Every structure is written in C-alpha cells, then in structure tokens.
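Structure record follows, encoded as structure tokens.
For clarity, every value in this text was computed on a predicted model and none was experimentally measured. Per chain, numbering begins at 1; letters A, B, ... match sequence-line order.
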Amino acid sequence: CSTLPPPPQVVPDALREQHWRSHQLRMHALTQWQLSGKLGIRTQPKSASVHLNWEQHSVHYRIRIASVIGQTLALLQGSPEGLALSTADDETRYSGSAEELLLEELGWELPVSNLYYWIRGIPAPGSSAHTLNGQGLLESLQQGDWSLHFSRYQQVGNWQLPGRLVAEGPAARLTFIINDWNPGS
Amino acid sequence: SEVGELTRILAKAQSIHAQFQQLTMDASGARVQESNGQLVVERPDRFRWQVAAPFPQLVISDGQRVSIYDPDLEQLTVQSLDPRAGTTPALILSGDRAAIERDFEVKAAQQQGEVQRFSLVPRTPDSLFESLELEFVNERISAMKLVDSLGSSTRIDFSSVEINLPVPAELFEMQVPEGTDIIEDLR
C-alpha cells in the first residue's frame, strides 16, 4: 500500500495544555518568515480571491496582494515608524493602521496586526478563548469579534505551522490557505 | 499597421487550446508566484482559465460574466466582464480588434525568424498592468509577459498550442458542488 505520512502523534489530554504552552513560547520566537498562499475574502459587497506573499523580518513586514495570474494589486510595507500602502494606480498612502488603509483602498478588512500572530497559530495579545486539537495545537480561537478555525498543520523544519485558517469577523469571512511556509528564512 | 498585423495573427485562431506555465517575479527578481494549468479561448470573448497547481482554480468567461471558482475556498464569485479586471490578458487572445485598439497602443518589436513580438501599452493609466507583451512563433501564441505598476513581472508560457479545434459549449459553463458559497458581485 502507499506509504502514508506517519499519523500526527496524539498528545494525551493532560499533557496537551502543557504542550500548547511550550508550543506558544516557541512560536513567539518565530519572528522571521516568508510565506505565500491564497486568501479568500467574503464581505459585502466586494468579495475576492487573491494571492498573498508575506515577508516578515521582526518588526518590518512586506505583504504583496496579487491577482490570480500575478498582477500586483497592492503592496503593504510596515515598520515601527508606520505603514505604506502602494496600489496599482501608483498611489502610495501612509497611515498608522494597516486595517484602515486596506479597507479604504481595497474595500475589505484584513486584520493585519492580529494576523501577525494568528498566521503562526497562536492568539494575538489580549484575552481569548481556545480549543486544542489532538496534537495540542490551536484548533479554534475566539478573540475580539473574530472567531477562527485552524487546520492542515504542516511540519516545516521543527516548526508546526497552520496551512489553513478560517476567520469569521463581524463583516468578513477570510479563508487563508498557506502553501509555501518558509520560517526563519 | 501594427495593430492590424497583431489582429490578423489573432484572427487566424477561432479558438485556442493550450497548457500554460505562469511565473511572477518581484522587482528584486525573487520568484513570488507560480501556477500552471490549461487555457481555452474562443472568439470573441469566451475563455476558460483552469489553474491546476498550486491552488486549483477555474476562471470562466461566457462573454457576459466571469465566474471564478476556488475549491479550496468553497467559493464561487460571479462578476460582470470588467475589462480592467485581471481577466484582460486572456481576452486579448480572443483578438477583438476594436477592443485592443481602444484599450492599447500596439507596437511590433523586430521579428527574429519565426518569432514575432508585440508590445501593448494600456491607454488608460490606472490599468492593472503597465505593459503587456505577446510573443508568437510561426504565428501561434507562445508567451505573454505582463509588467505591473508595482514592479512585478509575470511571464506566462504557452505549450501544446492547438488552434481551431472544436470547442464544446460546456467548457464555458461553470458547475460547482452543492454547498459552494456563491457570491454575485455584478456591478
């Protein structure tokens, strides 16, 4: 029979919380990555399905939002000083909040500051409620007015990273599928 | 004229079937996006852009509307055929001379043997790309290159190109599984 990948080892109940705490610590240490994937946005009236590249170097990040066949729709570059959003019609705008800029320019809400944590499969700072899957990894998360579901975890080096993230917000549902995770590169 | 030569070549194909390989590089030359799949185009404005990998996706224009089905997202978006949207490159292959002349300035690059290249510069400044280049070998489409206004360039190579094969109508009808989230985004 075909060689199936080894079943993810199930962490016994008692140890799950403990495994989750050490996993969170490790994930907080991951502050450099490159990832690419697809983002489906379901809002009123605009909905979209775009390609996303995300490059993170500790407090600096670059997010490229593109159409399916490669045309860049927007480039978001963030640093502690602030944020620049350049769009296809050559305009570059600066602001303190990525969320506001994206909403104004592209018409949909992308909770970038929270996604910085969620994309790694950990809660953003602040209060939240969660459930864990069999491996002691985040399965569902209630945070602020978003409720999230994490799945398709993939082992990349010694990192366990989510491959699919569905985030249900007050005015949007985001489905984020990451096919190319490069932690620490 | 150059647009005349381009549309003469395009007009030879009532329909085009091809495999495509897409590679996008950003301003620093890093590979940021790749995909491959099949394309079917039928004049004047019908096309089927089926991405096989990395994310299966199906984009169909039936001439009035563009339907985009993402199985991963369980989402089907139906939009009116907006020339400015990313679907324009596929439409160009269907070779509607009036539309090409209206939207683009066409310049022919020098011909090298059987390779001919045309560069199309959009007349409206806020189009999704700054320039588009079409490459033909023996008057058959072989590649398309798009440079967008934010420094990325996309090259789409076409292979196993067949022209004027019969095109079953079902190729331009979108069927999606039960429970797919259907979003009408008709402006």
Side-chain angles (χ1 to χ4, degrees), chain A residues 34-55 62-77 84-92 105 107-108 151-152 163-168 172-182 185, chain B residues 20 22-28 30-35 37 39 49 51 53-57 59 68-70 72-79 84-90 124-130 132 144-156 181-187:
Chain A
Q34 278 185 332
L35 66 85
S36 74
K38 176 193 278 197
L39 173 63
I41 302 129
R42 176 80 168 83
T43 65
Q44 298 306 338
K46 268 189 182 294
S47 71
S49 133
V50 293
H51 181 85
L52 216 63
N53 297 90
W54 184 328
E55 239 181 278
R62 222 167 80 82
I63 297 177
R64 173 181 174 267
I65 301 170
S67 77
V68 172
I69 55 167
Q71 284 127 359
T72 309
L73 304 170
L75 262 181
L76 185 64
Q77 288 166 57
L85 175 68
S86 318
T87 48
D89 41 25
D90 280 342
E91 235 197 276
T92 297
E105 284 298 317
W108 31 267
S151 58
R152 294 193 199 164
R164 182 182 168 94
L165 160 61
V166 179
E168 201 85 42
R173 176 156 56 87
L174 309 177
T175 305
F176 204 155
I177 294 165
I178 304 147
N179 74 307
D180 188 15
W181 248 117
N182 300 301
S185 57
Chain B
F20 69 82
Q22 172 241 335
L23 170 64
T24 302
M25 300 214 269
D26 70 12
S28 69
R31 298 162 80 106
V32 286
Q33 196 173 336
E34 294 179 55
S35 75
L39 165 71
W49 185 277
V51 181
F55 303 109
Q57 182 177 63
V59 183
I68 304 168
Y69 172 51
D70 288 284
D72 282 329
L73 309 178
E74 291 148 9
Q75 189 174 301
L76 166 67
T77 310
V78 184
Q79 299 162 342
R84 238 213 65 177
T87 53
T88 317
T124 54
D126 64 357
S127 160
L128 277 179
F129 46 85
E130 261 175 18
L132 181 136
M144 187 187 273
K145 197 168 163 250
L146 305 105
V147 177
D148 67 38
S149 52
L150 290 162
S152 297
S153 75
T154 295
R155 183 178 169 86
I156 303 172
D181 187 6
I182 299 178
I183 304 152
E184 299 267 342
D185 202 353
L186 301 166
R187 265 171 291 287

Self-check item: B:Asp181 side, atom CG; A:Thr175 side, atom OG1 - distance, nearest 0.5 Å
Solution: 8.5 Å
Quiz prompt | Atom of B:Gln57, atom of A:Ser49 and distance for their closest heavy-atom approach | solution = NE2-OG, 3.2 Å
Self-check item: Electrostatic pair B:Asp72:A:Arg164 at N-O distance under 4.0 angstrom
Solution: no
Quiz item: Does B:Ser152 reach the side chain of A:Gln71, with side-chain heavy atoms less than 4.5 Å apart?
Solution: no
Quiz item: Is the closest side-chain heavy-atom distance between A:Ile69 and B:Trp49 below 4.5 Å?
Solution: yes
Quiz item: Is any side-chain heavy atom of A:Lys38 less than 4.5 Å from a side-chain heavy atom of B:Leu73?
Solution: yes
Self-check item: More than 12 heavy atoms from other groups under 6.0 Å of CZ on B:Arg31
Solution: no
Practice problem: Give, for atom CD1 of A:Ile177 and atom CZ of B:Phe55, the distance between the pair rounded to the nearest 0.5 Å. | Solution: 6.5 Å
Self-check item: Contacts of B:Asp148 that satisfy side-chain hydrogen bond (donor to acceptor under 3.5 Å, both in side chains) - sequence neighbours left out
Solution: A:Thr72
Self-check item: Side-chain touch A:His51/B:Val32, heavy atoms, less than 4.5 angstrom
Solution: no
Practice problem: Examine whether an atom of A:Val166 lies under 4.5 Å from a heavy atom of chain B, and if so say whether it belongs to the side chain, the backbone or both; otherwise answer neither. | Solution: neither
Quiz prompt | Gap between atom CG of B:Leu150 and atom OG1 of A:Thr92 - 0.5 Å precision | solution = 7.5 Å
Practice problem: Would you mind checking which part of A:Ile41 comes under 4.5 Å of any heavy atom in chain B, side chain (CB onward), backbone (N, CA, C, O), both or neither? | Solution: backbone
Quiz item: Can you tell me how far CD of B:Gln33 sits from OG of A:Ser67, rounded to the nearest 0.5 angstrom?
Solution: 6.5 Å
Quiz item: For A:Glu55, what residues pass the side-chain hydrogen bond (donor to acceptor under 3.5 Å, both in side chains) criterion, not counting sequence neighbours?
Solution: A:His57
Quiz item: Got a salt bridge between A:Arg64 and B:Asp26, using NZ or NE/NH1/NH2 to carboxylate O under 4.0 Å?
Solution: no
